[in-house]
2 protein chains.
Amino acid sequence: MTDVKTSDADRRFPCDEELRQGIELLFFAYRDFTAEPDAILAQYGFGRAHHRVIYFVGRNPGMTVSDLLGILRITKQSLSRVLGQLVGEGFITQQPGVRDRRQRLLHLTAKGVGLENLLTERQRTRFADAYRGAGTGAVEGFRTVMLGLIDAADRSRFPGRGPGGERR
Amino acid sequence: MTDVKTSDADRRFPCDEELRQGIELLFFAYRDFTAEPDAILAQYGFGRAHHRVIYFVGRNPGMTVSDLLGILRITKQSLSRVLGQLVGEGFITQQPGVRDRRQRLLHLTAKGVGLENLLTERQRTRFADAYRGAGTGAVEGFRTVMLGLIDAADRSRFPGRGPGGERR
DNA sequence: AATATATGTCAACATGACTGACGTAAAAAC
DNA sequence: GTTTTTACGTCAGTCATGTTGACATATATT
């Protein structure tokens, strides 16, 4: 295991400059990370919101509308328009849940999988390049810091390797 | 220096699961990172766009409108509305450049500094907690990966420590 | 003197978020 | 078995933030 140990001396108070660099890294990374898919989406008459829905439904097949709302943290009215378009244009299907027939379980269609791949491909490539250039130790560090930035309640969405996330 | 060396064996191809976790880490981190300031901004009748302007003007006093447009990557018409409000309500001042009198050099007023601190404070705290919990090695890794995600043209905005960023 | 640059402005439009109100079907509780 | 809660949907209106396109003005540059 890449178990770079973290001494107590390592856990000092970060200075203002470091913190602001973090803030800016996040801003620029997000800006550039979303730019390519946005350009593709525009050709379909879709926006970033559509990508998010397609992405998470692709990642969690059979998820409920509530699940999706919990991830996106938007209102059902906001989701409704976007999801409605995706269902209407045949990218996503809804089917009643078996245990609970009030639920509409969401799945990508073949067409939906195609678009998901097209969009996410760019983002995967961006991460693959960044990861490969950085090495696994850096990737571990990246993961640990990112988990620390995320609200504690949502850290459990990232199970697995490394103590960084679960602690605290 | 914290010079964790990165062997060639370390630079393997990341698997799909790792890449998707990266994508999701970025989504959740950005979502949670912006939530607190957004809530404060709403009380001022402002939005996230105002925060971005206040942040970068605070960080680069005397910057030009062009500089700001280059960072935000939005149109001047979009910026105009937001910047106009901030100037109109006394958070930002514009003064003609000395060398080039066409420029409007941007500065925060005392009121602007106050709001900037109020907003950015939350984000700094979030980063401080994440950094302290992770240790300096992890922070280095975070920085390296984030730089790799950012378009090469903008990496020079993050000078200094570590080889991770300048290479490539 | 002509051209390019830095900035601003008017107008129209799209996206994606919000609130509030109301409706329906199915599950859960009493 | 009736009531209540839950999951989901919908209509209507509003706001913030982005877009394009056209035009204006002052100052630098050629």
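Numbers restart at 1 for each chain; the letters A, B, ... are given by sequence-line order, proteins then strands.
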My understanding is that only one of A:R48, A:Q43, A:H50 makes a side-chain contact (heavy atoms from CB on, under 4.5 Å) with A:F46; could you say which?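 Of the listed residues A:R48, A:Q43, A:H50, the side-chain contact (heavy atoms from CB on, under 4.5 Å) partner of A:F46 is A:H50.
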Between the side chain of [X] and the main-chain N/O of [Y], is any donor-acceptor distance below 3.5 Å?
X: B:D67; Y: B:T64; answer: yes
X: B:Q123; Y: B:T120; answer: no
X: A:R155; Y: A:L147; answer: yes
X: A:T109; Y: A:F91; answer: yes
X: A:K111; Y: A:E89; answer: yes

Would you kindly compare B:R81 and A:V82 by the position of their nearest DNA chain C nucleotide and give the one closer to the 5′ end? B:R81
Would you kindly give the [atom1]-to-[atom2] distance between [X] and [N], to the nearest whole Å?
X: B:Q77; N: D:dA22; atom1: CD; atom2: C1'; value: 10 Å
X: A:K76; N: D:dT10; atom1: NZ; atom2: P; value: 10 Å
X: A:R104; N: D:dG9; atom1: CZ; atom2: C1'; value: 7 Å
X: B:L83; N: D:dG18; atom1: CG; atom2: P; value: 13 Å
X: A:L105; N: D:dG9; atom1: CG; atom2: C1'; value: 16 Å

Does D:dT10 have its OP1 or OP2 closer than 4.0 Å to a side-chain nitrogen or oxygen of A:S80? yes
Angle by which the axis turns from one end of the helix from C:dA1-D:dT30 to C:dC30-D:dG1 to the other, five pairs per end, to 10 degrees: 30°
Restricting to nitrogen or oxygen on both sides, can you table the protein-nucleotides 26-30 of chain D pairs closer than 3.5 Å?
residue, atom, partner, partner atom, Å
D:dT27, O2, B:R102, NH1, 3.4
D:dA28, OP1, B:R101, N, 2.9
D:dA28, O4', B:R102, NH2, 3.4

Applying the 4.5 Å side-chain criterion to the ILVMFWY set and letting contacts propagate, would A:L105 and A:M63 be lumped into a single cluster? no
Any salt bridge linking A:D151 with B:R126? Criterion: basic side-chain nitrogen under 4.0 Å from a carboxylate oxygen.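 Answer for the salt bridge query: yes.
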Between atom [atom1] of [X] and atom [atom2] of [Y], what is the distance when rounded to the nearest 0.5 Å?
X: A:L68; Y: A:I92; atom1: CG; atom2: CD1; value: 8.0 Å
X: A:E121; Y: B:L19; atom1: CD; atom2: CG; value: 9.5 Å
X: A:D32; Y: B:M146; atom1: CG; atom2: CE; value: 10.5 Å

Applying a 4.0 Å non-hydrogen cut-off, can you work out what B:Q85 is touching in the nucleic acid: base, sugar-phosphate, or nothing?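 No contact.
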I need the residues from residues 33-69 of chain B with at least one non-hydrogen atom less than 4.0 Å from DNA chain C; give them sorted by number, or say none.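 Those residues are B:T64, B:V65, B:S66.
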Taking any atom under 4.0 angstrom from a heavy atom of chain A, which nucleotides of DNA chain C are the first and last to qualify, 5' to 3'?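 Range of nucleotides touched by chain A: C:dT15 to C:dA27.
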What residues form a ring pair (Phe, Tyr, Trp, His ring centres under 6.0 Å) with B:F33, not counting sequence neighbours?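 Per chain and number, B:F33 pairs via ring pair (Phe, Tyr, Trp, His ring centres under 6.0 Å) with B:F127.
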Can you list, pair by pair, the side-chain donor-acceptor contacts under 3.5 Å of residues 53-62 of chain B, counting residues two or more places apart and other chains?
residue, atom, partner, partner atom, Å
B:Y55, OH, A:R20, O, 3.4
B:Y55, OH, A:E24, OE2, 2.4
B:R59, NE, A:E24, OE2, 2.5
B:R59, NH1, A:E17, OE1, 3.0
B:R59, NH2, A:E17, OE1, 3.4
B:R59, NH2, A:E17, OE2, 3.2

